[in-house]
Trainee: 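Structure in structure tokens, see below.
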Number of protein chains: 2
Amino acid sequence: MSSISTELRQAFLAADVRPTVQRYAVLHHLLRDGVHATAEEIFRAVNRQDPRASRATVYNSLKSLTRAGLVREVISEGKAARYDASLRPHHHFVCERCGQVEDIAWFELPAGKQALGARRVRSFEVVFRGVCEKCGGSQPRTGETT
Amino acid sequence: MSSISTELRQAFLAADVRPTVQRYAVLHHLLRDGVHATAEEIFRAVNRQDPRASRATVYNSLKSLTRAGLVREVISEGKAARYDASLRPHHHFVCERCGQVEDIAWFELPAGKQALGARRVRSFEVVFRGVCEKCGGSQPRTGETT
DNA sequence: CGCCGATTTAGATTTAATCTAAATCTATAT
DNA sequence: ATATAGATTTAGATTAAATCTAAATCGGCG
């Protein structure tokens, strides 16, 4: 297994997180296109190859990475929390049928919406809910052959 | 204890949820201004007075009410899910320091943002993250006496 | 190289949520 | 009002998720 890439190493250092191979492995898995994994899934994925990481370390890593802003917890339907890499901002769509969470291209809010009284807003995201394409999506009830 | 109010009874029937006293008690607690309670908190609150509800019933009720759209699960910091009554739409603000979730007045998204390809969007909400007023909020770093 | 504090580890523990099967309740028809 | 069928509630057991513990290891720095 190769060492931690310079690019990610930079991200770790900039975020003041010690770059360990385990943390790297966790982030690496989440970086795979559109993955919204649970801690358990990450644990299994990471342990299919080197370096390994115990369950506790996966949780610890997710916590460090989340605190650092490299990862964030996404809205989840089930009980187990799901995470994704948050290097690029994006919104989310949650399917009410299958529970799948999809990434939505980033867009800004109308000016002024980010000012919320005396609160300091550091980030935001829009969470859409509905029916995904695979579960029915558009075509409300057209083309039904019955 | 009085019976289920006509108003809520209507909401239950319209949503096709059988109006039981336990479900009413759960919703009633969430209706108290700005409450974002966990199942455990609702369980304790409900059991301080009649009618009582078992833990399982609190979970069952939350599930029915959520499916019916009378209640929704809010973004939560900790592990236990939190719920609020969703009779009126609103957005959320999550404090990264204390974990508190606050309601934000409703506003629409710029036209066109609700169309997400072949997905059918049924609802959405904006989740802001940052520091709440009590934890520091604005005044970035003014008045520090050091 | 050798030290110190941060990190990792396996397994136990705690906490949250679900399941089970029997008892009870609600809506509807009589 | 009473009977009936199916939904709901219940206490407690069970499963699943996340955290904790204390010892071993690692990474960065002198």
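To find a chain, count down the sequence lines: A is the first, B the second, and so on, and within it residues start at 1.
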Trainee: Other residues, nucleotides and ligands only: do more than 12 of their heavy atoms fall within 6.0 Å of NE2 on B/His90?
Mentor: yes
Trainee: D/dT25 P sits how many Å from A/Asn60 CG, rounded?
Mentor: 18 Å
Trainee: Taking B/Arg72 for its side chain and B/Ser86 for its backbone only, find out whether a donor-acceptor pair lies under 3.5 Å.
Mentor: no
Trainee: Measure centre to centre between the rings of B/His91 and B/Phe128, then say whether the value is under 6.0 Å.
Mentor: no
Trainee: For B/Ser54 and D/dT9, is the shortest distance between a side-chain N/O and OP1 or OP2 below 4.0 Å?
Mentor: no
Trainee: In this structure, how many angstroms lie between the P atom of D/dA17 and the CG atom of A/Leu62, rounded?
Mentor: 14 Å
Trainee: When rounded to the nearest 0.5 angstrom, what distance separates CG in B/Leu109 from CZ in A/Phe107?
Mentor: 4.5 Å
Trainee: What string of B, S and - do you get for nucleotides 16-30 of chain C, 5' to 3', if B is base contact, S is sugar-phosphate-only contact and - is no contact with any protein heavy atom under 4.0 Å?
Mentor: SBBB------BS---
Trainee: Whether the side chain of B/Asn47 engages the backbone of B/Ala53 through a donor-acceptor N/O pair (distance < 3.5 Å, no angle test) should be reported.
Mentor: yes
Trainee: Measure from CZ on A/Phe43 to P on D/dA16 and round the result to the nearest Å.
Mentor: 16 Å
Trainee: Classify the ring geometry of A/His92 against A/His36: parallel below 30°, tilted from 30° to 60°, perpendicular beyond 60°.
Mentor: perpendicular
Trainee: Whole Å only: how far is the CZ atom of B/Arg23 from the P atom of D/dA7?
Mentor: 11 Å
Trainee: So, is A/Gln22 near the phosphate of D/dC26, with a side-chain N or O under 4.0 Å from OP1 or OP2?
Mentor: no
